[in-house]
Number of protein chains: 2
Amino acid sequence: MGENTADQNSLSKRPTKVTIQDVARSLNMTKGTVSRALNNYGDIAAETRARVRAEADRMGYVPMALAQAIRTGRAKSIGLVIQEDELGGFAPFLADFLAGVSTAASKSGWTLTVATANTMDGVLEVQSRLISERKADGFILPRSRVSDPRVDKLVQANVPFVVFGREPKGIQCDWFDVAGEDAMHDAVSRLVKFGHSRIGFLKAGEDYVYSGLRERGYVQGLASAGLPFASELVAKDVMTLEQGSIAARKLLSLEVPPTAIVCSVDRAALGVYRTASEAGMEIGKDLSVISYDGIPEGEFAVPALTTYSVNRRHAGTRLTQILIDRIRNSDAEAFLELVPAQLIERASDGPPRCSSADLAKLWHTSFN
Amino acid sequence: MGENTADQNSLSKRPTKVTIQDVARSLNMTKGTVSRALNNYGDIAAETRARVRAEADRMGYVPMALAQAIRTGRAKSIGLVIQEDELGGFAPFLADFLAGVSTAASKSGWTLTVATANTMDGVLEVQSRLISERKADGFILPRSRVSDPRVDKLVQANVPFVVFGREPKGIQCDWFDVAGEDAMHDAVSRLVKFGHSRIGFLKAGEDYVYSGLRERGYVQGLASAGLPFASELVAKDVMTLEQGSIAARKLLSLEVPPTAIVCSVDRAALGVYRTASEAGMEIGKDLSVISYDGIPEGEFAVPALTTYSVNRRHAGTRLTQILIDRIRNSDAEAFLELVPAQLIERASDGPPRCSSADLAKLWHTSFN
DNA sequence: TTTGTTGCCGAAACCGGTTTCGAGTGTAAG
DNA sequence: CTTACACTCGAAACCGGTTTCGGCAACAAA
C-alpha cells in the first residue's frame, strides 16, 4: 500500500465522480461490456456480470442519469405542473400528494420534476418546455378538465401521461380517481336517514370532470331515496369559501330552504359555516353539512366538518406507478383505477332540529 | 415544394425533435459553430450569430438540457428534499413555497426536482442519489438545524446549497431567513402594551436553528420591557397541536399562570386553544395568544389567531435566486438575507380580562 | 512583397453513457 | 475431423450537445 492508495481512502470523498470508464479500466474491460453487464444484457456471462456488479458497487459507481438519457431518451423523471390559481384547492393536499409521487418514483429510480404556472396557458408553456428540454418523460395531470388542453397537447406530442380524475371528454387514457360520485350519493343517503328531505347541493366549477360526476351522485342519491330533484337547490361554480358563503345565502333565502347541504369541496363548506353563523344557525343542528376532500381545516372548524376524505398520498403513489408502467410499455391497455373516498364522521351533520319553514323564519328574522 | 415538404408541415407535429445538427445542416454550417453562436462565443461574427439565432427559432430548436449537462456538468436543476415527518409543519406553506421556487427557477431556464423521505437518514440518502445521478446541481435546505447533517454532506461533496433559516452552528454558507426573533420580541412588547406582565413562551424543537433565535427574541422582549425572566414559563419542544395543548396545560396549572402565551409556531397555538377551551377560558380575553407562521387554519380558528406571517413564496423566490447565483459563481461572497415577518392582527390577543390569580382559580375549578 | 495580427469558422475531440456489429472461443452435431 | 452454433466479449459507432485547436482569409505593419 503506497501513499496513493492511502490518499484515495482518506478524507477527500470522491473529489471527482467515478465513471463507467473507471470501472471498466479497473476490470480490464471495455465500458461497453460494463454497461451491458450492468443492464442485464443476455450476452454477458453470469460470472462476469457478478464481477462487474461487485466492482461497480465497491467503487461506488452510480450511472449519471443525464448521460443515459441522451442515448435512451429517458430522463427517468416524471413531470408535475401545478396551476397556481387553483392552488387554493390543491394546497392542503400537495404535501401528501408529493410524498406519494416522490417515494413511488424513487422506488423505481425515477425523480420528480415540478413546475408551477399561474394560468392554463402558462401551464401549457412550461409543459412544452419540459418536453422540449426532455426534462420529463411523462406527466401527471392533476384535476382533469372536461375539455383539457393539457391532454390535447400531450397526445399530439405523443408524450405519456396519466390524469388524476376521470378522463376528459372524448379521450381515452390512463387515469386514477376517487369515486366522488359514490361519496355524494352516500352523503345524501346518510342525510335522508337522519330525516332530511330537502337537501341542497353545491356544485364545483363546470369545467372540472369531477364536478359533473359529483352532481350525478347527488342526483342519484335523491332518486334512490325517492326524493324529487329541485334545481333551485343546486348552486353552481362554488369552490371557494367566499363562493360557498354566497351560495349558502342563496339556498337559505329560498322560500323553502334546505335543512342540509352537500358540498362538492370542503372550502365551500367552510363558506356555508360562515353564512350559517351570520344567520344564527347552528351547524349540525339547524343545518347539516356534509362535504368532500378532507382538508385539515375541517377538523378544526366548529363544529368539526363531516367529510369524505381522499387519500392523496396513495393517489400520488398509484398515479406514478401507472405512469411509469405506461412509459415502459407504451402499448399496454389503458390503466384505469377507481378507489372509494373514506367517510370521516364528525359533528356537522345530524337530525334536523327544525323544519324548512322554521329555518326560513329564522333566516328572515336575522336579515330583515 | 414536393410531397416531402408538404408532409413536414402537415399534421404530424414534430414527430422527431429538431437537434442542433438539423439547424447546422439547414445553415450549411457545423454543429460546433451553431453551438458557439447560440452560446455567445466571441469568435462568431455578429451577422452569423443573428442568422443562426433566427434559423434556430424558425425551426423551433430547443437544446436538450440533458445533453448539455453531460458536457457542462450543469443539469440546470435545483434539488429540494422534504422530510415527511416534519411535513406537518411544512405542509401548509409548501404550495406557496414551491410556486416561488419554481417560477424563479423557470425564469432562469432551470427546473426544480423535488424528493421526499421520512427520516433524516432518508433525506441524506436521496440527496446523495440526486448528486450521484447529477439530477440536481444544488440544493435548497428547508429548516436548518443547529447541527445539520445535510449541510455536512454537501460541503464535503462540494455541492452548492442555500439554507432556509440561519446557518448551522460553525458553518458559513448562504442563507435566507425571516427574522423570527424580531417577531417574538415584538409580540412580547405588544402584549406588555396590552397590560400583560406574565407571559409564557412555547419553544420549538431544540435542534432547529430558528428555535433558539425565537427564544432569544422572547427573552429580549421581556428585558426591553423590564420584565423578569421565569424559566417555568417556558415550555420546550412544542411544535404540534398535541404538544401545544400539553404545554399549555403545564403553564396554566402553575401557581401563578401566564395571562398570555407566545408561541413559536401556529400549530402549537392551536393546541393552546384546545386546552383553553377545555378549561373554560376564552382566548383573547382570559388568555392572549400570539403566534408565528401564518398558516391558513389560523384564520378560521375561533377566535382568529394573531400571528406573524411569513411570505413563503418570496422566500422560495429569493432562495433559488441565491442558489443559482452561487452555482454560477462559486467563489462569490456569502449571500445572507434577512427579512421581517408580517404581523397579522386578529382576535387572539388583547388586554387581560383577569389577573393570574383569577386564572389560577378558574383553572382549578375546571379541573378539580 | 513579406510578416504579423486578428476575425471567423470547420474539424475533431470530448462528455458519459448505450447499442450494434463482428470476431474469437468452446462445444455439440454431422 | 469438419461444420454449425451458441456464448462471450472487444471495438466502434452513436446520442446531442460543448469546447479546443488549428487553418484560412483579410488586413495592417514593416
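By convention in this document, chain letters (A, B, ...) are assigned in the order of the sequence lines, proteins followed by strands, and residues within each chain are numbered from 1.
If Ile44(A) and Met64(B) are placed on DNA chain D by their nearest nucleotide, the residue sitting closer to the 5' end is Ile44(A).
The number of heavy atoms from other shown groups lying within 6.0 Å of CG (Asn158(A)) does not exceed 12.
For Phe97(A) and Phe164(A), the ring centers are positioned less than 6.0 Å apart.
Distance OH (Tyr61(A)) to C1' (dG16(C)): 7 Å, rounded to an integer number of Å. Whole-Å rounding puts the Asp43(A) CG to dT18(C) C1' distance at 12 Å. Atom CD in Gln68(A) sits roughly 18 Å away from atom P in dC15(C) (whole-Å rounding).
Residue Asn28(B) is classed as a sugar-phosphate contact, given heavy-atom separations below 4.0 Å to backbone atoms only. Contacts of Thr33(B) with the nucleic acid, taken as non-hydrogen atoms under 4.0 Å apart, include base atoms.
For Met29(A), counting side-chain heavy atoms from C-beta on, the closest listed nucleotide (dA13(C), dT19(D), dG10(D)) is dG10(D). The listed nucleotides are dT19(C), dC14(C), dG16(C); the one nearest the side chain of Arg71(B) is dC14(C). Checking dC9(D), dG17(D), dT19(C) against the side-chain heavy atoms of Tyr41(A) singles out dT19(C) as nearest. Out of dA13(C), dT8(D), dG16(C), the shortest distance to the side chain of Thr48(A) is found at dT8(D).
Using modelled atom types, one finds no donor on one side chain facing an acceptor on the other under 3.5 Å when comparing Thr113(B) with Lys135(B).
The base of dG17(D) has none of its N or O atoms less than 3.5 Å from a complementary donor or acceptor on the side chain of Arg36(B).
Listed for the Lys76(A) side chain is no donor-acceptor partner under 3.5 Å among the backbone atoms of Thr111(A).
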